[in-house]
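Notes for the one structure printed next.
Remember, it's a predicted structure, so these values are computed and weren't measured experimentally.
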Amino acid sequence: MKKTLKILAILIGGLLALFVILAVTLTLVFDPNEYKGKISAAVKDKTGRELRIEGKLGWSFFPWIGIETGKLELGNAPGFGTEPFARIDAAGAKVELLPLLRKQVVVDTVFLDGLKLNLARNAAGKTNWDDLVKPPTAEQAAEKPIPGKEPGIGGVSVNKIDIRKADVTWKDQKNGAQYAVHNLDFKTGKIAASKPVDVQLAFDLESGQPPLRTRVDLKSRMNLDLEAQTLDVDSLTLALGDLTLQTNFKSTHIFDAPAVTGALEISPFNPRALMDKLGVKVETVSKMALTKFSLKTKFSATADSAELKDLTVQLDASRLSGSLGVRHFARPSYRFDLTLDQIDLDSYLPPAAPAAASGPKPGTATPAPPVEVPLSALRALAVQGKFRVQKLKAMNLHSSDVVVQVAADNGLITLGPNQARLYSGKYAGRTTLDVRGKTPMLAMDESVSGVELASMLKDAMQFDKFTGTANLSAKVTAQGLNALQIKETLNGTASFAVQSGAIKGIDLKTMGDTIEAAKREKTYQKLTELTPKPGDETRFSQLGGTAQIRNGVVQNNDLKIQSPNVVNVGGKGSADLPREILNYTVTVGSFPIVIDGPFASPKFRPDWNAILKGQLEEKKTEVKEKLEQKLRERFKLR
């Protein structure tokens with residue numbers, strides 16, 4: 001037995017010695033550099049590109065199977081210039097031989113030095129790597145191998161991956177974008193199954209014109225278990241300029257049904273300063289806008305859903321909190337419940353364009369094309385949520401305790417019931433948009449009560465022609481694909497009641513007195529227009545009425561004004577919303593005053609035809625009354 005074992009040991013030792021001698025002999029005798037031409041020719045045949053092998057090829061066989069190369073250069077795709085697609089200074093990798101006999105793969109350092117990669121897309125949308133990536137066949141696409149479970153492999157480990165001084169550029173002729181990554185370094189610790197590994201990535205990100213650079217650093221410690229299909233990231237820190245992002249998460253079923261849960265935090269930083277470094281210019285009304293941002297949340301996600309919980313976002317002086325989520329990525333369904341303490345939306349708007357020195361003549365400007373309702377996007381919208389704002393400034397309007405509810409499904413979108421407090425009063429409303437048919441249908445039921453008109457109108461339109469406490473309501477419907485069509489099909493009712501206010505810019509008593517004097521002095525032919533003066537106003541205790549809206553024309557026939565200075569004031573007429581033309585008559589005592597013309601510059605004039613006709617009727621009535629009086633006296637009738 002001992003002799004047999006001794007013979008066996010000698011035999012194995014001899015085979016190993018022979019194997020080592022063979023490996024050494026191969027490395028000494030076989031020179032891969034003699035095959036540079038054939039390698040380049042094979043690449044040319046398969047890809048149509050030139051492969052230049054400038055450096056020396058080296059290889060080893062025992063105790064490591066390894067390959068190393070010096071400078072390599074791969075040509076670009078046709079139509080993308082003479083600049084090479086890729087270039088490296090040196091690269092190499094080694095696999096230990098003996099563990100392969102035990103069905104284990106032990107890789108020494110994998111290194112890549114001086115990579116220069118030039119990525120591009122032309123104006124037609126074709127990239128310079130399309131020809132290198134062939135779509136999988138139907139059989140290949142059907143195969144779903146599970147990493148780590150390939151037959152015959154017991155384990156894989158890599159001592160280290162080291163990529164140094166890599167440069168990657170991206171030029172997009174289709175949209176003009178241009179980015180570059182310089183001085184990229186990527187390093188890992190030992191990579192082994194079910195063992196934590198440290199990963200470091202750092203590079204300079206270049207963007208904008210002129211090019212600006214920002215340093216990016218990423219550090220992480222992760223544990224990937226292919227057999228258990230889990231990935232745990234204990235800590236991941238990403239630094240981009242002043243931005244620092246930290247996260248940790250756990251992933252399960254990463255090949256079968258991936259799911260991840262974790263936490264994310266972005267420390268306070270200045271977004272405006274970061275965008276400036278990246279060459280992204282953002283102009284806002286307020287220079288302090290976009291100068292502070294932070295975020296903290298817990299998250300979870302699957303292959304078909306994502307959710308943020310315990311969300312806290314700080315943007316400048318505004319704090320947003322709540323939750324939001326999305327399901328069914330193929331046709332997203334959104335859910336949210338968010339609260340914002342305060343925000344000034346106007347401060348984030350772009351600055352107003354400077355007034356032109358000389359604009360087109362009135363009536364010659366080409367109107368802007370109407371913006372149509374995006375039907376396909378609205379029909380696909382699926383949303384259910386509530387949004388609260390404690391203090392809001394938007395379009396220069398101030399409000400508080402705002403509650404907006406949104407529900408959208410299969411083309412039926414509802415906003416409301418919504419509510420808010422504004423200008424000492426309250427708002428309540430509900431709006432429905434139905435885009436299920438060919439033509440969008442709009443329905444609105446809106447009201448405000450107890451609102452101080454003076455401050456609200458001044459903030460909303462820089463318009464201060466009315467004061468008083470108002471109650472306003474409207475129920476309207478409309479249809480159309482753009483704003484003009486909606487105006488032209490607007491139908492419904494409205495009512496208004498204003499107390500203790502004034503109409504500024506118009507003095508109805510003065511206008512009535514002016515007409516009375518012209519009538520008395522018979523100079524009415526000269527009084528063709530009434531021109532309000534600065535400081536004119538008509539004070540009232542009550543002003544109210546109702547309106548009928550038909551195809552965009554608002555008709556009011558029951559205006560009543562109770563004024564301490566003017567008696568018996570009423571009015572009726574119309575406002576054409578699509579054409580923005582007013583045709584209205586205010587009656588002061590017995591004198592009708594016509595107000596007509598564009599909304600922006602209406603004209604005031606006495607309606608002398610109606611006034612003289614009324615005067616004639618008064619004389620007829622007076623003559624009739626005198627005749628009747630004489631008849632009664634003559635025949636002693638009562």
Distance check, rounded to the nearest 0.5 Å: R221 atom CZ versus D198 atom CG? 4.5 Å
Note: E283-K287 ion pair, threshold 4.0 Å (strictly below): yes
If only atom types and distance count, is the side chain of D256 paired as donor or acceptor with the main-chain N or O of H253 below 3.5 Å? no
Could you go step by step and tell me if E83 and N76 meet the side chain to side chain donor-acceptor pair (under 3.5 Å) rule? CA-CA 7 Å; E83 190 176 40; N76 219 329; 5.5 Å; no
Quick one: pull up CG in L205 and CG in N183 and give me the separation to the nearest 0.5 Å. 12.0 Å
Steps toward side chain to side chain contact (heavy atoms under 4.5 Å, CB included) verdict (V406, F387): CA-CA 8 Å; V406 182; F387 188 57; over 6 Å; no
Does S305 offer a backbone N or O that forms a donor-acceptor pair with the side chain of T302 under 3.5 Å? yes
Could you please spell out the steps behind the side chain to side chain contact (heavy atoms under 4.5 Å, CB included) verdict for L264 and F249? CA-CA 9 Å; L264 172 68; F249 57 87; over 6 Å; no
Measure from the side-chain N and O atoms of D346 to the backbone N and O of M395, and report whether any donor-acceptor pair falls under 3.5 Å. yes
Rounded distance [0.5 Å steps], OG1 in T414 versus CD in Q384: 9.0 Å
I'd like to check H182 versus E206 (side-chain heavy atoms, cut-off strictly below 4.5 Å). Are they in contact? yes
Under 4.0 Å between a side-chain nitrogen and a carboxylate oxygen: does that hold for K292 and D316? no
Pair D337 + K386, salt bridge at N-O below 4.0 Å: no
What distance separates D167 CG from L184 CG, expressed to the nearest 0.5 Å? 8.5 Å
Considering all heavy atoms of both residues, which atom of S294 and which atom of S267 are nearest to each other, and what is their separation? CB-C, 4.2 Å
Run the side chain to side chain donor-acceptor pair (under 3.5 Å) test on R335 and S333 for me, step by step, so that the C-alpha distance in whole Å, both residues' side-chain angles and the decisive distance to 0.1 Å come before the verdict. CA-CA 7 Å; R335 299 290 184 271; S333 174; 2.9 Å; yes
Okay, side chain of N122, backbone of K126: is any donor-acceptor separation there less than 3.5 Å? yes
Report yes or no: does T47 contribute a side-chain atom to a donor-acceptor pair with the main-chain N or O of V43 at less than 3.5 Å? yes
NZ/NE/NH1/NH2 to OD/OE distance under 4.0 Å, D131 and R49: yes
Where do N270 and D242 land on the side chain to side chain donor-acceptor pair (under 3.5 Å) test, with the steps shown first? CA-CA 7 Å; N270 187 330; D242 295 332; over 6 Å; no
Tightest non-hydrogen contact, residues V389 and I343, listed as CG1-CG2, 4.4 Å
Specify whether F269 and F293 have parallel, tilted or perpendicular ring planes, treating 30° as the upper limit for parallel and 60° as the lower limit for perpendicular. perpendicular
Answer yes or no: is there an ion pair linking R436 with D434, defined by an N-O contact shorter than 4.0 Å? yes
Could you walk me through whether L324 and Y334 satisfy the side chain to side chain contact (heavy atoms under 4.5 Å, CB included) test, starting with their C-alpha distance in whole Å, then the side-chain angles of each, then the deciding distance to 0.1 Å, before giving a yes or no? CA-CA 7 Å; L324 61 92; Y334 301 94; over 6 Å; no
Ignoring hydrogens and angles, tell me if any N or O in the side chain of T69 forms a donor-acceptor pair with the backbone of A91 under 3.5 Å. no
If every non-hydrogen atom of P84 is compared with every non-hydrogen atom of N118, which pair is closest and at what distance? O-ND2, 2.8 Å
Which atom pair, heavy atoms only, marks the closest approach of M222 to S220? CE-OG, 3.5 Å
Would the distance check show the side chain of S40 and the main-chain N or O of L51 forming a donor-acceptor pair, the cut-off being under 3.5 Å? yes
Just verifying a value: how many Å separate I413 CD1 and R379 CZ, rounded to the nearest 0.5 Å? 10.5 Å
Heavy-atom distance under 4.5 Å between the side chains of T339 and S321, does that happen here? yes
For N248 and D234, what are the C-alpha separation, side-chain angles and deciding distance, and is it a side chain to side chain donor-acceptor pair (under 3.5 Å)? CA-CA 5 Å; N248 60 80; D234 293 334; over 6 Å; no
Close side-chain approach of L236 and V199, heavy atoms under 4.5 Å: no
Does the distance from a Lys or Arg side-chain N to an Asp or Glu carboxylate O, for E54 and K71, drop under 4.0 Å? no
Measure from the side-chain N and O atoms of T237 to the backbone N and O of Q246, and report whether any donor-acceptor pair falls under 3.5 Å. no
To the nearest 0.5 angstrom, please state how far the CD atom of E73 sits from the CG atom of D89. 11.0 Å
Heavy atoms from other residues, nucleotides or ligands near NZ of K250 exceed 12 (cutoff 6.0 Å): no
Heavy atoms only: give me the nearest V435-P440 pair and the separation to one decimal. CG1-CB, 3.9 Å
Does a side-chain heavy-atom distance below 4.5 Å link I163 with D185? no
Quick one: does R272's side chain have a donor or acceptor within less than 3.5 Å of a partner on A289's backbone? yes
Any heavy-atom pair between the side chains of V216 and L238 that's under 4.5 Å? yes
Taking every non-hydrogen atom, the tightest pair across L375 and K438: CD1-O, 3.8 Å
Could you tell me if the side chain of L349 sits less than 4.5 Å from the side chain of T284, heavy atoms only? no
Do the non-hydrogen side-chain atoms of T214 and L274 ever get within less than 4.5 Å of each other? yes
List the steps and the verdict of side chain to side chain contact (heavy atoms under 4.5 Å, CB included) for S323 and L311. CA-CA 6 Å; S323 62; L311 173 67; 5.9 Å; no
Check: W170 and D172 side chains under 4.5 Å, non-hydrogen atoms: yes
